[in-house]
Amino acid sequence: MKKPVTSSAAKPNPRLAFSVQASAPALPTVLLKPGEADRIVAGHPWIYAGSIARLTAEARDGELVQVEDSRRRSLGMGFYNSKSRIHVRMLAPERVAVDQAFFTERIRAALALRQRYLPGATSFRVVNAESDFLSGLIVDKYEDVLVLQTSSLGMDQRKPLILAALKEIFAPRAIVERNEMASRKFEGLPDANGVLFGAVDGPVPITLNGLTFEADLREGQKTGYYLDQQVNYRLVADFVKLLPEAQVLDCFSFQGGFGFHAAKAGAAHVHLLDQSEETIATARRLAAANGLAARCQFEATNVFDWLKTHGSAAPHERVIPRFDLIILDPPSFTRNRASVTDALRGYKEIHLRALKLLRPGGVLATFCCSHHVDTRLFQDVILAAAYDARKVLRRVAQYAQAPDHPVLPSVPETEYLKGFAFELAR
């Protein structure tokens, strides 16, 4: 009995598909200098100008190129840009078609990761650039609205493909572009902000851990809100359950992420400090919306000045500690290595002042969002502040960015947020 013949149209042949891709038009090839391939093989997607020996053919900026090591072994393919210090951003370790299907597959894989590690979350980062093998692309989800950032020329040129993929996967109410990052200038790209699809009228209400906040997608911080602390809000609030009638100080509070979670966990009183009058007004309104206004007090002030004033005493007097839980979540004090020394002075000062206001047995939860200040350096500056304040700290927790901002150890640039919780031992 003869076996039935299977139509090649009905069942694609993987070998045939490979051969078709293999016979695609040749791409310009970037040849690396000896010893420059190891980083790429390990998973880092950036190839700097100084790592390149030569190109086999002229390549247009934004074009796809093949990459080979000094012995002509293939390392994959990526986007080329001669204007950028990062000449090539790797996309894949093999030849692939970079079309709508490519972006759909990569974004679905990134979404599956978030659904696994942030089950139930409705607002989160969907794509985190290098962390999700899409260097130069960030996509944030605020309920039913998406925000897009393209920080590389290759990604920016393919926005129509990315938008089509996002519509297919999420069917969003709107997609907003927030492309005013400084990194775009290094790629030869202008700023570009606006609604790319649908309509957005005013801030978008979002839910984080059962509490309501607002994302200002046109003018707000980052793409509209700080999503990277979503898990840490809940973890820090757990200390309130160990501190009866807890008095909480939330410094650099923004909309009250840490403070509101502490109030929800049972804190007796939460004092929130932020420099922006507008942000404090928003936080006050949101406290009422979340049913937390009775336990929250707001103050628009320079946090450094406030800590200095309340952490100082007249001669022959001493500061009376007032708080059981203090949260320090400042903006980044440094954007480059050159300003790290000044940043460390700032970090030391706020910790020194805060420790004087912390009751014995109380907890200091503190964060640093600068990539240029690593975890060890950050802890060292906290311990230096504790020494000057004549305090002894017990480390009780360590924090990182939420899992929707994945960290690839082979790409150190993907790790930036670090934090600690210290109990005041004496």
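All values below were derived from every heavy atom in this structure, side-chain atoms included, with hydrogens, water molecules and symmetry-related copies excluded.
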**Request:** Evaluate the ring planes of Phe333 and Phe304, with Trp represented by its six-membered ring, and classify them as parallel (under 30°), tilted (30 to 60°) or perpendicular (over 60°).
**Result:** tilted

**Whether Trp306 and Phe323 hold their rings parallel, tilted or perpendicular, with breakpoints at 30° and 60°** = tilted

**Request:** Salt-bridge test for Lys222 and Asp140: reply yes if a basic N is under 4.0 Å from a carboxylate O, no otherwise.
**Result:** no

**Request:** Can you label the angle between the Tyr347 ring and the His351 ring as parallel, tilted or perpendicular, going by 30° and 60°?
**Result:** tilted

**Request:** Might you confirm whether atom CD of Glu180 has over 12 heavy atoms from other residues, nucleotides or ligands at distances under 6.0 Å?
**Result:** yes

**Request:** Taking the side chain as every heavy atom from C-beta outward, state whether Val200 and Val145 have any pair of such atoms under 4.5 Å apart.
**Result:** yes

**Item:** Straight-line distance of Leu358 CG to Leu393 CG, nearest 0.5 Å
**Value:** 8.5 Å

**Prompt:** Is a side-chain donor or acceptor of Arg114 paired with a backbone partner of Pro119 at a separation under 3.5 angstrom?
**Reply:** no

**Request:** With rounding to the nearest 0.5 Å, note down the distance linking CD in Glu143 to CZ in Phe124.
**Result:** 9.5 Å

**Prompt:** Taking all atoms of both residues into account, what is the closest heavy-atom pair of Ala402 and Leu227, and its distance?
**Reply:** CB-O, 4.2 Å

**Message:** Could you go through Gln149 and Glu177, starting from their C-alpha distance and side-chain angles, then the distance that decides it, and tell me whether this counts as side-chain hydrogen bond (donor to acceptor under 3.5 Å, both in side chains)?
**Reply:** CA-CA 6 Å; Gln149 287 186 328; Glu177 177 180 28; over 6 Å; no

**Message:** For Phe258 and Tyr233, take the angle between the two ring planes, folded into 0 to 90°, and tell me which bin it lands in: parallel under 30, tilted 30 to 60, perpendicular over 60.
**Reply:** perpendicular

